[in-house]
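The shown structure was predicted, so the numbers you read here are calculated from the model rather than taken from an experiment. Below, read A as the first sequence line, B as the second, and so on, with proteins coming before strands; counting in each chain starts at 1.
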Amino acid sequence: MTETLPSYLSALNPEQREAVLHEEKSLLILAGAGSGKTRVITTKIAYLIRERGIDPRSILAVTFTNKAAREMAERAAAIESRAAYAMLRTFHSFGAWFLRRYARLAGLNPSFTIYDDDDMASLLSSICGEKSKADIKLLSHQISRAKDYFISPDDPEIKIINYKKEFQTIYKRYEERLAEIGNADFGDLIKKPVEILRNNPDVAAEIRGRFRVVMIDEYQDTNIAQFTLLKELCGADAYVCVVGDDDQSIYRFRGAEVRNILEFPERFPHTDIIRLERNYRSTAPILRVASSVVDNNKGRLGKTLTAERGGGKTPVLAFLPNQDEEAHFAASLIERYFADARSDTKRAADKQSPVKKYSDWAILYRTNAQSLGFETELLRRHIPYRVVGSLKFYEREEIKDALALLSFLANPRDEVSFRRVVNKPARGLGDVAVGRVITEAAGGDLFAAARRTAPILSAKARSGLQSFTEAVDAGRAVLANFALWDDPTDGAALADAAMDLFEDADDGASPQTEKAGRKSRKKASPAPDAAANMPTTNAPAVSGNKKTKDAAQPSLRSGEGLSVCVVTLVQSAGLAAYHLTHDEIAGNQRIANLQELANAASLYPATGAGLIEFLEHIDLDRSMEEQNATDGEGVDSVTLITLHNTKGLEFKRVIITGVEQGVFPRDDKKDDDLEEERRLFYVGATRAMDELYFTCCAARRMFGQTALMEPSLFLSEIDKSALRVIGQPPYGFSARPAAGAFQHSTSQRGVASRKRGRQSGDEDSAGDSSTGTFWKMGDRVFSDDNGYGFVTEIRPHATGPIVVVLFDTGKEMSFLSRHQSSKITKISGEDHDG
DNA sequence: TAATCGATCTTTTTT
DNA sequence: AGATCGATTA
């Protein structure tokens, strides 16, 4: 039978193939890490279209990240080009698509914009201004959670989130204000579609008629609202296929419910379950380490991943004195990788060894803040890197300002954006004047209200308000088809017209032409100042030589499409001048950032719909992947990334950093939260294909102070023989110890030194009686010629031990201890005391 | 009304 | 250490 199958199917293993060919009612695929689940999904999409004659437009596949969605679309289309017509989106992007389409039914204008967490907080503080910032943050978090659980203000279940009556009141008020403004928050993108489906049987019928196949990836991370949406989306005869891994559920904190995957068979009757337990990604030693940690979790379905790959190196655990050494160590590993490559090529130039790339490497950390040290070090060594998922660009003041202007242009009822920019730069508008405009608007069009209010204000406020409205007017003037939004109260015709504009590739236009059009526009648009893109975080190769040249006269250039609008708005509002004069040091950089935003906008048409599309894209996908990638995959670079963000990715070599108690796991974690951190460990470790490293620091600067750290609990859960330990383990450390404390000796003069436990790895050390030096793997050394380095190998030799040192420069040298040890000085490690 | 200085807290993780 | 917030001052 196999030979009758097309090659894309026969290439699958039996379980994968079974999953692809399955076609009864519902399917739950329990897919371990690296078991080829993306391959299964994409192949299944292709198979359904090609072999089963399913209309691609009736397929909906949902993922969690934009990156995953893009990858899925690419891979499916590579097998079967018609897959481009299928709807492959993130949950939120699908929600936004749906909500625009049926906006009216939720009382929204189809041109609504999306409020992020910050906007949410701003709105909340305008509702209850007396609250502290922390309280506001908590409230917005709880409202988000409520929406994740599909709980409305009046739902009695609201007590689960917050039992106080006050919370209910505020939540309710928040919903009213948001409705007045006419925007949606993240939760609404899921919750409102459900409500529309429930309240409008005709819409439900239409949607259910359309989507015959629904697939969901990373199902273990869905929340209740998303589950509810799935239920509403699927008609009685829809085919539902979900893929997930309970061991990789890491988003409980934002409402993910592992129950969804555990109870899926009950919720969807006649479910078949297929397990994918063959891991194709990692070598066995890596899987062993990953499993030994997650095995300590209680609440799991339990599965056994088996490595399909033989051999493999033992993962390395490096004990290091502090953060700086950690960054040194990571950078050195990467440099050595390439140093090896150079010597390799001489010896075995004809051997077909794969090309070594920076992108083979990823440095993982628990919190975004940890990236800084690595950035500094990589920058210093001219190792190109990119920081994944760093929101920094959109968190910049000038970018937020510009986006607020655009948002206000898109929705003149947007009070949050209005407040942000109406008096920025200072136009002499104080609380009084702004308050008057808002009162006048009475929840309606603030732009119109501003014009009406201006005449009755003081001369100063009047001219300020006028200059603001003129700026907005100027921005509006460069947009075509803007009339649509002039009167948001104009009902059906408006929505219908808007819907045409927002209509996606699915109805009518071929997705290929659409995408091609988009692409070519992107290509055509110059990608100047790619360096300016992520100023603090970009690769060193592109640091700003070009910028300094025109630093004398920085000005915004408008390019194609919507960039005209961005530039016009920012210029005429005086934002560019404001930031330039306000911040003499960073001013030019700010202009460059604004320029970058304008460049991104040039991919969109200069129309009202283009504006909405642009804003939606920014709200739903802040990864900067697209903008960053100048051509194809972009510059080859090391990946710096949070553990959470690595989900679904893989790298040849992975360094998991900061594996210390208090950092990973955070020390306030226990029980369920601790189990989630364990899963996070599992996710991180299983990203590695060939080599895996852990780093654990004895001391770490936190809050401006140096704190002594203990090794992570997780390290102690790993079988000692599964790791190769280098550096100085703290006294008493051994993997899998009798439960007990790790203890540190106190640090001395900034460099914490640790007494080595007697029991650990004596085969990796050697004393040299002639010099009185005791060498050990991982010892930190210094040489006048080569700077700092680590002892990476100790070999016995007739005339005494040979010590191999990897210097931070990447250079590796061997020293015959007896004769040459004077060239290298041990600066930390085993003290000479016993 | 805006800018500046000190006090205070910070770090999860993300669509 | 760095951001952020509030109070004080110009």
Enumerate the protein-to-nucleotides 5-10 of chain C contacts in which both atoms are nitrogen or oxygen and the separation is below 3.5 Å.
unit_1	atom_1	unit_2	atom_2	d
C/dC5	OP1	A/K133	NZ	2.3

*Nearest-Å distance once atom P is located in both C/dG6 and B/dT11*: 15 Å

*Which of the following nucleotides, B/dA2, B/dT15, B/dT13, is nearest to the side chain of A/D117?*
B/dT15

*Centres of the A/F418 and A/F468 rings: under 6.0 Å?*
yes

*When you check the gap from the basic side-chain N to the acidic O, do A/D148 and A/R145 get nearer than 4.0 Å?*
yes

*asked:* By a 5.5 angstrom centroid cut-off and a 30 degree plane limit, is there stacking between A/F253 and B/dT12?
replied: no

_Position toward the 5' end of DNA chain B (nearest nucleotide), A/T642 or A/A426_ = A/A426

*asked:* Students often get this wrong, so: under 4.0 angstrom with heavy atoms, is A/F91 touching a base, only sugar-phosphate, or nothing?
replied: nothing

*Between atom NE2 in A/H617 and atom C1' in B/dT15, what is the gap in whole Å?*
14 Å

*Only one of A/R666, A/R678, A/R679, A/R252 passes salt bridge (Lys or Arg N to Asp or Glu O under 4.0 Å) with A/D673; say which it is.*
A/R252

*Looking across every strand, which nucleic acid part, if any, lies under 4.0 Å from A/D116 by heavy atom: base, sugar-phosphate, or nothing?*
nothing

*Side chains of A/R380 and A/E375: closer than 4.5 Å at any heavy-atom pair?*
no

*asked:* Could you check whether A/H644 and A/F253 have their ring centres less than 6.0 Å apart?
replied: yes

*asked:* From CD1 of A/I656 over to P of B/dT13, roughly how many Å is that when rounded to an integer?
replied: 17 Å

*Please name the pair of heavy atoms, one in A/V214 and one in A/C234, separated by the smallest distance, quoted to 0.1 Å.*
CG2-SG, 4.0 Å

*Just how far, in rounded Å, is C1' of C/dT4 from CD of A/E395?*
14 Å

_Whichever of A/H644 and A/N423 has its nearest DNA chain B nucleotide further upstream toward 5'_ = A/N423

*asked:* Say we look at C/dC5 and B/dT12: how far apart would their P atoms be, to the nearest angstrom?
replied: 16 Å

*How close or far is atom P of B/dT15 from atom CD1 of A/I618, stated in whole angstroms?*
15 Å

*Is the closest basic N to carboxylate O distance between A/E71 and A/R75 below 4.0 Å?*
yes

Tabulate atom names and distances for all N/O pairs under 3.5 angstrom spanning the protein and nucleotides 6-11 of chain B.
unit_1	atom_1	unit_2	atom_2	d
B/dT11	O3'	A/R666	NH1	3.3
B/dT11	O3'	A/R666	NH2	3.1

*Could you tell me whether A/F681 and A/F694 have their ring centroids closer than 6.0 angstrom?*
yes

*Does the pair A/D401/A/R420 count as a salt bridge with the N-to-O cut at 4.0 Å?*
yes

*Roughly, in whole Å, what's the span from CZ in A/R252 to P in B/dT12?*
16 Å

*Nearest to side-chain heavy atoms of A/F186, which nucleotide of B/dA2, B/dT14, B/dT15*: B/dT15

*Does a side-chain N or O from A/N368 land closer than 4.0 Å to OP1 or OP2 of B/dT13, or not?*
yes

_Whole angstrom value for the distance that separates C1' of B/dT12 from CG of A/L643_ = 11 Å

*What is the distance from CZ of A/F681 to C1' of B/dT13, rounded to the nearest Å?*
17 Å

*Look at A/R100 together with A/E616 and state whether they make a salt bridge at an N to O cut-off of under 4.0 Å.*
yes

*In whole angstrom, give the distance that lies between atom CG of A/L680 and atom P of B/dT12.*
14 Å

